[in-house]
Amino acid sequence: MSIYDSLNPEQLKAVQHGEGPLLILAGAGSGKTRVLTHRIAYLIEECGVNPFNILAITFTNKAAGEMRERVDNLIGFGGESVWVATFHSTCVRILRRYIDRIGYDKGFTIYDSDDQKTLVREVCKYLNIDTKTYKEKTFINVISSCKDECITPEGYEASNPANPNTIRNARVYREYQRRLKAANALDFDDLIMKTIELFDADKEVLENYRQRFKYIMVDEYQDTNTAQFKLVSKLATYTTEDGEVQHNLCVVGDDDQSIYKFRGANIKNILNFEDTYPDTKVIKLEENYRSNGNILDAANEIVKNNIARKSKALWTKKDKGEPIHYTTYYNEYEEAEGIAGEIERLSADRPYRDFAVLYRTNAQSRVLEEKLVMNSIPYKVYGGVNFYQRKEIKDVLAYLKVLLNPSDDIAIKRIINVPKRGIGLTTIDKVEAYAAEQGISFFDALLQVPFIPELKRAGDKLTSFANFIRSESAHLLSASISEVTKEILEETGYLEMLKEDEDDETLSRVDNVDELLNKIIAYEEDEGPEPRTLAGFLEEVSLVADIDSLDNNEEGDAHNHVTLMTLHSAKGLEFPVVFIPGMEDGLFPGYMSITSDDPSDIEEERRLCYVGVTRAMEKLYLSNARTRMSRGEQMYNKPSRFINEIPRYLLQTTASEKPDVYEQSKRIRSGYGDSYGKNFDTESSLFSSSSSRISSAKQSKGKSDLFSNPYIMKGMGGLKDGSNPDYGVGDKVSHIKFGVGVVKEMNPKDGDTEVVIEFEGENVGVRKLRASFAKLKKL
DNA sequence: CTCAAGAGCCTTTTT
DNA sequence: GGCTCTTGAG
């Protein structure tokens with residue numbers, strides 16, 4: 001019995017493909033990762049390829065990690081020499097070695113999107129561009145899409161030199177690049193583009209990698225942009241000893257799952273692959289191993305409406321399964337409650353980790369969270385704000401970045417007055433002007449403070465800050481990263497500052513900093529192939545996404561929770577039970593795509609819908625709300641057009657609206673007066689009491705639920721929620737972030753009430769919260 | 001230089 | 001509705 005016996009004939013064909021370009025069109029759930037890993041094994045074991053000569057590229061660290069693990073399991077000895085990495089980390093590794101050949105320093109810093117924004121803002125200020133008339137975002141988009149297409153500022157300007165907008169954008173782009181270079185920094189897009197530049201500039205380096213990466217595999221090929229395509233096609237040119245030129249490039253993708261056009265993904269890369277490489281072998285994987293028949297039929301019917309696609313139809317040997325549940329709710333609160341109730345009901349037979357709620361926009365998660373907490377259902381929200389993008393984490397990292405690369409102006413300006421050192425904007429401007437005049441970096445200007453006549457009293461503060469940075473930098477030579485970090489936190493008073501203005505609402509910033517320290521220590525202790533350096537740590541950290549931490553395969557209670565994430569983040573994942581709320585025209589498909597002149601925008605939304613539907617293995621729940629609050633405005637959306645694209649016989653439709661809703665709401669309104677009765681949200685909290693699912697204990701929460709609704713609070717004119725809480729010492733309450741806990745103390749404090757609660761969550765413990773801020777619900 | 005209240009902004013986001 | 005940035009007063 002060999003490892004290849006478990007493959008179907010098409011998969012086997014792909015695995016056994018030898019030299020030459022190969023395009024694998026792998027539908028959702030058709031086992032593409034299996035094919036990729038088995039192909040790597042086949043090349044090594046059956047074709048005698050040296051693992052060292054294989055490169056496998058993915059988009060996410062998570063995908064790379066999974067592939068790494070599976071390759072190691074399949075191959076055993078030698079498997080670790082296969083180069084498995086993301087596009088970005090591959091480029092970083094190459095650039096760290098050779099970037100000096102295109103005039104950068106090897107110790108370059110990587111700028112994330114926040115740094116990028118800050119830099120663009122500075123550039124606009126410098127160029128006297130009013131950011132009210134011309135948005136920074138526009139410039140960021142222009143720069144990013146230029147880089148996706150490998151276009152330089154000059155090339156961009158030349159594309160339309162008569163257009164004043166083009167000229168302006170090009171000026172910003174050029175100045176932005178100049179500053180990046182001065183700071184010895186690269187943004188994410190640069191990582192790809194500079195690698196290409198390096199390959200173009202230095203044939204020796206290119207040839208070196210071409211001969212090394214004899215076999216190249218690219219996962220999620222439909223999401224590659226032009227730059228990534230260029231990079232891969234440059235590399236995939238191997239010359240044998242006989243002088244024969246081979247393109248041993250194997251790409252795997254699904255044009256129906258291309259959902260990142262807005263980030264520059266070029267769907268033509270996959271649609272035209274065969275034109276680029278005429279001797280391409282094409283293999284389609286159409287058997288789906290994931291979803292029930294009805295789910296798959298629905299997915300096929302939806303995506304069939306797209307014009308720009310390679311025809312293919314997924315099929316399965318599995319049963320039809322149950323129909324797709326489609327429910328129309330009254331509003332988003334009722335929708336969230338319905339979902340929470342259904343999860344509660346189904347969770348009698350299956351663990352929470354089986355469930356996922358996938359939404360179009362991150363903003364939708366709030367209501368869902370609220371209702372899950374009320375039902376005591378464990379959940380985790382993925383995406384949203386990345387750990388490494390949190391203010392306090394970025395601050396600490398900025399200190400570390402400066403130690404390593406003092407030219408990093410963005411980082412140094414971030415921390416120069418954090419914690420407060422009495423160095424204000426005027427002072428910073430003066431230093432900056434001096435630095436610009438002398439053509440030196442901000443930090444170097446700090447060292448010359450005595451020579452800046454405009455600076456009087458602030459001078460000493462600047463000098464002592466610069467000295468502090470220098471001494472910590474020197475300290476790094478003899479101490480570990482974590483020791484230096486701790487010292488910085490203490491010496492600067494940063495930790496103290498956090499402790500002082502610790503806010504009730506945000507999960508403790510101090511805890512986050514602790515978590516960062518833990519990560520640093522873990523990094524130091526984990527003996528990798530590379531030596532443990534600050535540069536290595538910062539690099540690892542700058543290339544991770546929140547989604548990478550997702551692990552729904554792990555057993556144990558710690559990982560047993562419902563998953564909440566956007567449809568985008570869900571790609572590549574699967575769940576037995578999937579809910580997709582907000583199936584409404586205007587939300588999904590989004591408003592922008594409906595009003596766009598470009599019909600392909602709707603097609604991208606449709607593919608996103610296809611991705612969402614095909615995440616479900618057994619049960620799929622679609623729903624829409626007749627009305628929902630969005631951006632502070634009441635919206636009345638029609639059901640999504642994608643619902644209509646699913647044949648009726650696949651759907652089981654329910655309208656959850658109850659006939660006595662209006663009667664009930666009238667009763668309540670008359671009880672409290674008319675001032676807030678006009679909004680529909682008032683009713684949301686009432687549905688729960690009329691619903692049979694909700695236990696009697698929860699029915700008593702009526703009042704606190706009203707308080708939790710911000711809209712109603714406004715109507716109550718000045719009544720502060722929490723000034724008069726309905727809970728007391730000994731009551732069980734729930735908090736949106738901290739979960740369930742018991743009230744220990746209630747202390748009046750400046751017209752408010754300080755509530756001390758002992759939470760059940762392991763990492764939460766006892767917290768002091770202010771009643772008016774913490775939206776506590778009595779259970 | 002600092003704080004606090006108002007104005008303005010929103011999609012999706014692998015790195 | 002909620003977050004971030006700006007602006008104006010102390």
Side-chain angles (χ1 to χ4, degrees), chain A residues 57-64 85-92 110-114 116-118 121 131-132 135-137 141 144 148 186-192 219-220 222-225 228 257 259-265 332 358-364 366-367 382-386 388-389 391 417 420-428 457-458 461 501 505-506 539-548 550 565-573 582 586-594 596 601 604-605 607-608 611-612 628-634 681 709-711 713-714:
Chain A
I57 303 188
T58 64
F59 274 84
T60 63
N61 293 302
K62 184 179 187 330
T86 64
F87 268 103
H88 295 266
S89 62
T90 299
C91 289
V92 171
I110 301 169
Y111 274 6
D112 69 12
S113 28
D114 282 336
Q116 201 178 15
K117 203 170 152 196
T118 314
R121 191 168 304 146
T131 49
K132 275 185 189 122
K135 301 268 178 307
E136 292 134 47
K137 233 184 121 178
N141 285 337
S144 185
D148 286 344
L186 302 185
D187 64 21
F188 284 136
D189 299 316
D190 273 343
L191 294 176
I192 314 285
D219 194 13
E220 304 281 12
Q222 75 282 349
D223 293 331
T224 50
N225 61 33
Q228 287 158 337
Q257 292 188 68
I259 53 173
Y260 284 105
K261 198 184 77 173
F262 71 93
R263 271 206 96 265
E332 73 269 33
L358 311 177
Y359 34 79
R360 179 66 239 269
T361 64
N362 278 313
Q364 288 170 261
R366 182 164 280 116
V367 193
Y382 291 89
V385 197
N386 187 333
Y388 293 105
Q389 283 173 345
K391 220 180 288 157
N417 199 28
K420 303 258 171 341
R421 296 186 178 89
I423 301 172
L425 246 148
T426 18
T427 311
I428 293 174
R457 222 168 327 148
K461 294 170 187 162
D501 62 35
E505 274 302 285
T506 46
E539 183 171 309
E540 208 173 278
V541 149
S542 60
L543 295 176
V544 294
D546 189 48
I547 196 75
D548 294 331
L550 182 119
M565 57 168 67
T566 62
L567 288 152
H568 281 92
S569 313
K571 195 174 64 163
L573 306 175
L587 181 61
F588 188 32
Y591 178 73
M592 295 298 268
S593 68
I594 293 174
S596 160
D601 286 347
E604 175 137 320
E605 296 275 314
R607 290 192 293 270
L608 188 57
V611 167
R628 94 168 49 230
M629 192 68 115
S630 138
R631 297 185 211 161
E633 233 185 319
Q634 198 71 39
D681 281 7
N709 187 322
Y711 220 104
M713 279 156 48
K714 269 189 200 162

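The model shown is predicted, which means the values in this text are computed figures rather than measured ones.
Between the C1' atom of B:dT12 and the CG atom of A:Asn141 lies a distance of 13 Å, rounded to the nearest Å. Here the C1' atom of nucleotide B:dT14 and the CD atom of A:Glu604 are 13 Å apart, to the nearest Å. One interatomic measurement links the two molecules: CG of A:Leu425 to P of C:dG8, which rounds to 15 Å at whole-angstrom precision. In this structure, NE2 of A:His88 is placed 10 Å from P of B:dT14, rounded to the nearest angstrom. Taking atom CG of residue A:Leu587 and atom C1' of nucleotide B:dC10, one finds them 14 Å apart after rounding to whole Å. Per the geometry, CZ belonging to A:Arg631 stands 16 Å off P belonging to C:dC3, to the nearest Å. With rounding to whole Å, A:Asp114 atom CG is found 13 Å from C:dC5 atom C1'. In this entry the distance linking CD1 of A:Ile594 with P of B:dT12 reads 16 Å, nearest Å.
An anti orientation is assigned to B:dT12, its glycosidic angle lying beyond 90° of 0.
For A:Thr566, a side-chain nitrogen or oxygen approaches OP1 or OP2 of B:dT13 to under 4.0 Å. Considering only side-chain N and O atoms, A:Asn417 lies under 4.0 angstrom from the phosphate OP1 or OP2 of B:dT2. Distances shown here put every side-chain N or O of A:Asn225 at or beyond 4.0 Å from the OP1 or OP2 atom of B:dT14. Between B:dT13 and A:Ser569, a contact under 4.0 Å exists linking OP1 or OP2 to a side-chain N or O.
Nucleic acid contact for A:Leu567: none, since no nucleic acid atom lies under 4.0 Å from a heavy atom of the residue. A:Glu605 comes within contact range of at least one nucleobase, with a heavy-atom separation under 4.0 Å. Within 4.0 Å of A:Asp223, counting heavy atoms only, lies at least one base atom of the nucleic acid. A:Gly422 comes within 4.0 angstrom of sugar-phosphate atoms only, judged by non-hydrogen atoms across all strands, and of no base. Among the heavy atoms of the strands, none lies under 4.0 Å from A:Ile192.
Of the two residues near DNA chain B, A:Thr427 and A:Lys135, the one whose nearest nucleotide lies more 5' is A:Thr427.
Side-chain proximity of A:Tyr260 to the nucleotides B:dT2, B:dT14, B:dT11 is greatest for B:dT14. Side-chain proximity of A:Thr361 to B:dT12, B:dC9, B:dT14: nearest is B:dT12. Listed nucleotides: B:dT11, B:dT12, B:dC3. Nearest to the side chain of A:Lys420: B:dC3. The side chain of A:Arg121 lies closest to C:dT6, out of B:dT12, C:dT6, B:dT14. In the set B:dC1, C:dG1, B:dT14, the nucleotide with an atom closest to the side chain of A:Thr426 is B:dC1.
With no hydrogens or angles considered, no side-chain donor-acceptor pair links A:Ser113 and A:Gln116 at under 3.5 Å.
Residues that satisfy the side-chain hydrogen bond (donor to acceptor under 3.5 Å, both in side chains) test with A:Arg607, not counting sequence neighbours, are A:Glu604. For the side-chain contact (heavy atoms from CB on, under 4.5 Å) test, residues two or more places apart in sequence or in another chain that qualify with A:Asp112 are A:Asp114, A:Asp115, A:Phe188, A:Lys394.
Crowding of A:Phe262 atom CZ: a count of heavy atoms from other residues, nucleotides or ligands under 6.0 Å exceeding 12.
Side-chain atoms of A:Leu567 and A:Val611, non-hydrogen and from C-beta on, never get closer than 4.5 Å to each other.
A stacked arrangement is not assigned to A:Phe262 and the six-membered base ring of B:dT11, the conditions of a centre distance below 5.5 Å and an interplanar angle below 30° not being jointly met.
Looking at every heavy atom in both residues, A:Lys571 comes nearest to A:Ile259 through CD-CD1, 4.1 Å.
You won't find any donor-acceptor pair under 3.5 Å spanning the side chain of A:Arg360 and the base of B:dT11, going by distance alone.
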